[in-house]
Amino acid sequence: MRYVQFMKHPLFSRFARISVIAGLALGGVGLLLFTLGISPVDIGVTLARGSILSLQKFGHVLTIWIPLLLCSCGLLFTFRAGLWNIGIEGQVVFGAIAATLLLREENLGLPAAATLILAHILSFIGGGLWAAFAGFLKNRGGVNEIFGGLGLNFVAQGLILWLILGPWKRAGVASMSGTEMFARELWLSTPPGWRLAPAALVIACIAFAATAVLLGATRFGLQIRATGINPTAARLFGIHPGRTGLLAMAIGGGLAGLAGGLQVSCVYHRLLPSISSGYGYLALLVVMLAHYRLRPVPAICLFFACLAAGSIQLPIVLKLDSSLAGVIQGACVVSALLVHGLQKRQRGEL
Amino acid sequence: MDPATFLAALVAMAAPLVLAALGETLTEKAGVVNLSLDGTILLGAMTGFVVASVTQSLLLGFLAAGLTGCLVAALVAVIGVWLGQSQVAVGFALTFLCRDLAYFLGNPYARQQGPQLATLPVPLLADLPFFGTVFFTHSFIVYLSFLATPCCIYFLYHTRHGLTLRAAGENPEGCWARGIDPNTVRFLATLAGGAMAGLAGAAFSLAVKPGWGHPQGCEGIGWIALALVIFGSWHPLRVAAGAYFFGLLQLLGIAFQDSFPGIPGQIFQVAPFPLMIFTLILIHLSRNTKNRYFAGFVRLFGSPPPRGLGRPYRRP
């Protein structure tokens, strides 16, 4: 009897669920590797060596963790509001474009620090506006945010290509390798020997804390939740679902845009066609794996970032394609969906 | 380039897109959004190429690709239809899982010579002036894409099973009341759509863009197919027309690259998406307008989505 009670404890059931999900995903991928004649242990060791077992490599992990966390925070806003913000990739791109708009100007007459701060504010606004546009299309044009956002992603991708190959091309040659590097003083400062700017780390942590407070402890957070759970009922409490959703989109997009701005200012120091590196889409997987909850997000981001960073070693050490990281990430999410669905069925909700 | 060759290139290039978009139309008509299309096509392309190279049999390659598409679609259907999870979520996760799986598993076969579908000119018809070149000098997968559109229309609108499929998408409760389990219908429709997407992938790697690599060259086609289903507002004829229109845009992009060096060719790749958004807005506006002529005009080109699209059905 006691044993059964122990099993019903929420902490245990959560732990059990996590281990079932991880077991399913890692077991599945491991089995696949095994049948291919690749030792899963080798893969694990290589991934760990490439991510957490050296300080320098861990710096690289953190450079992935920062944009991933920012995008995931943005997605938490939209998911809480019941919106599937698949357009996040475009919002990252737009934030990067907005930041570049300012950073590539040479005679601005502003001190470098002010330019940088302005550029990041601009990237927040840029991403927010792009997301708000998707929200506007939903509210006024009846375009579902999934299809609208998806469309806007590709539009943003077209725009960035046009900018890089057209108006913002490098002197003389237009190439896919991006725009001219920014002036050195406009790089977000990175201490010698580091691979990431401490300021970016601080921004990401502040963004996460702000998300937690805004969603968990304010009236606004409650309004968003109410909108997401039942828009009709929310209206009875004087909440305007359309407007609240739009605001959630704008904030979410803003955070994604900020991630794009940071990619420009502290990672690449120029605008690239692939500036988002797919972190927006990856963040969607993160939040889905977290089952749309806030607390597991930083840890899952770290796990995904480790996989992404560690997989770079795979072609070098084991002559395997680095896309194995994506396979593991995807398998985790699919098995999480499977387990949640099975639990739902067990509870008799189907 | 003379017009006949140009049109022949167009229909050959659009063939996989037509297959994938029609498959997704079937799936969405039954009320399921299979967002995993892009990954399914890539995985199908990889499977088709690898199986065909190993067995030296093109038929087995196409079969394997179709089966792969079926398997992915089955996952979408089990989790999204029977286990009541968000179809968008599972489709999205599978898109990335399949894409990366394709790159990972296909890596040893990348940039290798492989078998390639030969053209099969139709006897007699191929000698027709103009039309012979345009329609009857292709490989079998292109002929399949020609047949797919009328077959889809016939199946959906002129057979009992087609009616059942549409009922599962429009009104699953009514479907259940008539003694048909909408979830079974949805499951089967998703499988069929997935198989067609898988075939589309093999059409890429074995015919249109032969070979496998990272990137293969068919990346993003799945998203375009999804956009086309909406652009064609869930009618096979309009969807197929959209696919050919997109093929035209792509060919024009290549043709105009030299005359307008300022416009990168990738811009043409983006064109379906603003068009898709525009179509959705028009359909929405036509439903709320009092102007009968405007509403009638839009109804000619667009219709609302299946009413049960994306909504899981719960048995009473």
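Chain letters run A, B, ... following the sequence lines, proteins first, then strands; residues in each count from 1.
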| Between L337(A) and chain B, which part of the residue has a heavy atom less than 4.5 Å away: side chain, backbone, both or neither? | both
| field | Residue part contacting chain B, namely of L324(A), when any heavy atom lies under 4.5 Å | value | both
| query | Got L105(B) and V327(A) here, is their nearest side-chain heavy-atom distance under 4.5 Å? | reply | no
| Does CZ in R293(A) sit with more than 12 non-hydrogen atoms of other residues, nucleotides or ligands closer than 6.0 Å? | yes
| remark: Pair count under 4.5 Å, heavy atoms only, with chain B: among L284(A), L282(A), I146(A), highest is L284(A)
| remark: Heaviest contributor of heavy-atom pairs below 4.5 Å to chain A, chosen from I230(B), L226(B), V33(B), is I230(B)
| message | Using heavy-atom distances under 4.5 Å, tell me whether I277(B) contacts chain A through its side chain, its backbone, both, or neither. | response | both
| request: With D100(B) as reference, evaluate S323(A), S322(A), S311(A) under the side chain to side chain contact (heavy atoms under 4.5 Å, CB included) test and give the passing residue. | output: S323(A)
| Taking the side chain from K344(A) and the backbone from Q85(B), do they hold a donor-acceptor pair closer than 3.5 Å? | no
| Heavy-atom contact with chain A under 4.5 Å, split by part of I79(B) | side chain
| Tell me, side chain or backbone of Y292(A) under 4.5 Å from chain B's heavy atoms, or both, or neither? | side chain
| remark: Per-residue tally against chain B (heavy atom, under 4.5 Å) across A331(A), G278(A), P315(A) peaks at A331(A)
| By a 4.5 Å heavy-atom criterion (distance strictly below it), what part of I328(A) contacts chain B: side chain, backbone, both, or neither? | neither
| Minimum heavy-atom separation for D321(A) to N107(B), with atom names? | N-ND2, 3.4 Å
| query | Between L35(B), V88(B), L101(B), V90(B), which residue shows the highest count of heavy-atom pairs closer than 4.5 Å to chain A? | reply | V88(B)
| said: Please classify the contact between A89(B) and chain A as side chain, backbone, both or neither, with a heavy-atom cut-off of under 4.5 Å. | reply: both
| query | Would you say the side chain of L285(A) lies within less than 4.5 Å of the side chain of F92(B), judging by non-hydrogen atoms? | reply | yes
| Hey, what's the ring geometry for Y281(A) with W223(B), parallel, tilted or perpendicular (30° and 60° as the breaks)? | parallel
| note | So, the part of L32(A) with a heavy atom under 4.5 Å from chain B: the answer is side chain
| Engaged part of I86(A) at the chain B interface, taking heavy atoms whose separation is under 4.5 Å | side chain
| More than 12 heavy atoms from other groups under 6.0 Å of CZ on F133(A) | no
| Measuring heavy-atom distances to chain A, does T95(B) have an atom under 4.5 Å in its side chain, in its backbone, in both, or in neither? | neither
| said: When you compare the side chain of L33(A) with that of F104(B), does any pair of heavy atoms fall below 4.5 Å? | reply: yes
